[in-house]
Amino acid sequence: MSGSLPMIPFAVLAVAALGGALRMTFVRDGVRATLWMLEVAVALSGLLLLLSAEYLAGAWLLVGAGVLPLLLLSAIALTARRRSDAAWPLDFPVAGAVIAVAACAAIVGAVLTVRVPAVSAVPPAGVEELGAALFSTMGWPFELAGIVLLAVILGVSWWTRGGRAR
Amino acid sequence: VNMAVDISIRVVVAAALLLANSFVVSAMTRAILARSGAGGGGAGLPGSSSRPGDAPSPAARGTLLAASVIAFVPSVAACVPLALSRTVRLEPFETGAFFILALCAMAPVGAALAGWATQSRFSALAVSRAAVGQVAFGAALLLSAMTPVILAGSLDLSAIVDAQRGTWLYGFLPRWAALSPQIVSFAIYAVCAWALSGRVTVEVPSETGETIVGAELAEHARMFVLSALGVTLFLGGWLVPYVDRNPVAELLGPAVFLLKTYLVVLALVAVRARIAPLRADRLLALGWKILTPVSLAWLAVFSVFARVVKL
């Protein structure tokens with residue numbers, strides 16, 4: 001972490017991201033969970049901006065705060081008849097919590113064990129440098145975003161499956 | 001502490017300027033549409049209306065308010081990376097063009113949330129269709145915006161404008177992207193901007209009028225941002241044609257940029273007032289079946305062309 005990093009905004013955004021992630025995992029209402037996910041994506045984007053990773057911040061906004069919430073909200077709005085139908089069928093989302101903790105452990109373990117190329121503090125100056133970075137130093141963060149995308153696609157598939165009595 | 005005060009002052013000043021700009025664009029749009037007698041339907045996406053009678057539940061009111069905020073804040077925040085001239089900008093961004101488009105991608109989320117809040121199946125269907133349309137036009141817009149980026153070799157808005165400096169065809173035409181082979185990208189961008197600046201709201205109880213005002217402001221802020229980005233990418237940004245290396249012209253840059261942007265906003269509103277709204281399925285077909293593949297193909301052709309000819 002660089003010495004010139006503004007600590008107060010960083011701390012606020014970090015707390016917002018972690019708190020939002022916990023709320024997203026444990027809240028029962030699907031629409032509220034989606035809104036918490038959006039909040040987490042915005043907070044993560046802010047953190048990345050503070051870390052001078054502008055392109056990654058934009059990508060997180062585009063995917064985490066744009067495409068994914070839209071996908072989830074559309075699926076819920078088109079399949080749930082009443083507001084109460086948007087609630088998960090479990091009183092306490094054990095399965096979600098277990099999957100979230102397992103995924104988190106796997107990612108943290110991978111980060112600690114695999115040698116991840118460091119993202120340069122200087123943002124890519126041109127499109128050629130950006131293209132090269134996408135396939136080298138930025139590959140790892142983009143793969144992480146891909147995991148979130150995959151989780152949301154699986155969640156929407158589960159939500160919209162046929163034959164489920166609500 | 002000094003940094004916190006500095007950031008706070010900049011945020012307050014920027015928010016005041018951007019809000020004032022939203023109100024100006026909003027007033028301008030309303031005046032033109034009222035004079036022409038056209039409604040707010042725009043590009044054929046569902047228009048906003050209010051339903052008298054049943055008051056919304058507190059939960060629905062809260063969700064509608066959240067929808068307005070989600071639509072409005074990113075649209076206003078997208079103004080921050082804009083470069084009014086080489087030196088006048090709220091915050092320098094190395095990837096300004098991409099960041100603006102990423103923020104604009106959040107707008108359909110607000111629309112989808114509003115559709116859910118109404119608890120009406122028809123509203124949910126209409127808004128989902130409109131949101132899908134916005135994604136389609138957003139993708140085509142992103143692809144069309146890539147050709148000036150390729151030519152400039154940068155996502156920085158200042159560099160993109162600098163790449164359009166000077167003239168070509170023996171000094172006859174300014175070297176703006178819209179007056180070059182990139183006119184195809186400009187045409188796609190213009191159609192997408194027209195479609196994306198259409199209204200995407202739903203029928204809501206009349207007691208929630210303030211949320212409609214929020215949605216309208218968001219729509220007008222988005223129209224301004226798309227126009228400003230279009231001016232930067234294709235119409236030379238703050239450059240004055242033929243005298244763009246003159247120091248006086250550089251000083252007038254911000255005024256020139258705003259003038260060009262407001263002219264584009266006027267053009268978008270005028271087209272919206274004159275052209276009958278497209279049916280929703282035709283609009284979706286235009287986005288998904290025509291503009292997205294055409295912009296993808298054109299991007300591929302242009303990339304090869306630019307590499308071979310060394311534009």
Side-chain angles (χ1 to χ4, degrees), chain A residues 4-9 12 29-32 34-39 41-42 45-46 48-50 52-86 122-131 133, chain B residues 1 3-4 7 57 59-60 63 66-67 70 73-74 77-78 81 91-121 123-125 127-129 131-132 134-135 138-139 142 146 149-156 159:
Chain A
S4 62
L5 192 68
M7 287 308 295
I8 294 175
V12 169
D29 186 284
V31 174
R32 287 187 183 188
T34 306
L35 291 180
W36 280 113
M37 188 180 78
L38 193 149
E39 187 263 346
V42 172
S45 184
L48 289 166
L49 267 184
L50 286 179
S52 304
E54 276 182 26
Y55 191 78
L56 284 176
W60 261 106
L61 271 185
L62 189 67
V63 176
V67 177
L68 299 184
L70 183 63
L71 190 63
L72 282 166
L73 283 174
S74 299
I76 293 172
L78 291 176
T79 54
R81 287 183 188 163
R82 295 175 297 276
R83 191 175 295 276
S84 56
D85 290 340
V122 182
V127 285
E128 287 187 15
E129 291 85 350
L130 185 62
Chain B
V1 174
M3 194 176 73
I7 290 174
S57 66
T63 315
I70 290 172
V73 173
E91 187 66 36
F93 272 74
E94 295 283 341
T95 57
F98 177 64
F99 216 83
I100 290 173
L101 293 171
L103 282 165
C104 286
M106 289 176 70
V109 179
L113 191 61
W116 163 252
T118 59
Q119 289 296 290
S120 157
R121 179 52 57 97
S123 284
L125 275 172
V127 167
S128 295
R129 196 162 52 181
V132 169
Q134 288 215 335
V135 173
L142 187 70
M146 283 303 108
V149 170
I150 289 174
L151 214 57
S154 172
L155 284 159
D156 185 2

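Because the structure is predicted, anything quoted here is derived from the model rather than measured. Just the heavy atoms: all of them, side chains too, but no hydrogens, waters or symmetry mates, feed the values below. Every chain is numbered from 1, with letters handed out A, B, ... down the list of sequences.
- Shown here are the side-chain contact (heavy atoms from CB on, under 4.5 Å) partners of Leu101(B), two or more places apart in sequence or in another chain: Leu141(B), Leu142(B), Ala145(B), Leu229(B).
- For a residue to count as touching a neighbouring chain, one of its non-hydrogen atoms must lie under 4.5 Å from one of that chain's; by this rule Val135(B) touches chain A with the side chain only.
- Going from atom CG of Leu38(A) over to atom CG of Leu113(B) covers 9.0 Å, rounded to the nearest 0.5 Å.
- The side-chain heavy atoms of Leu155(B) and Glu54(A), taken from C-beta on, include no pair separated by under 4.5 Å.
- Heavy atoms only, all atoms of each residue included: Gly66(A) and Val109(B) are closest at O-CG2, 3.3 Å.
- In this structure Ala102(B) satisfies the side-chain contact (heavy atoms from CB on, under 4.5 Å) test together with Leu61(A), Leu62(A), sequence neighbours excluded.
- Counting all heavy atoms, side chain and backbone alike, Phe99(B) lies closest to Ala57(A) at CE1-CB, 3.9 Å.
- For chain A, the nearby part of Phe98(B) is the side chain; its heavy atoms alone come within less than 4.5 Å.
- Only the side chain of Leu49(A) comes within contact range of chain B, with heavy atoms under 4.5 Å apart.
- Looking at Val42(A), the atoms closer than 4.5 Å to chain B (heavy atoms on both sides) all sit in the side chain, from C-beta outward.
- Only the side chain of Ile70(B) comes within contact range of chain A, with at least one heavy atom under 4.5 Å from a heavy atom of that chain.
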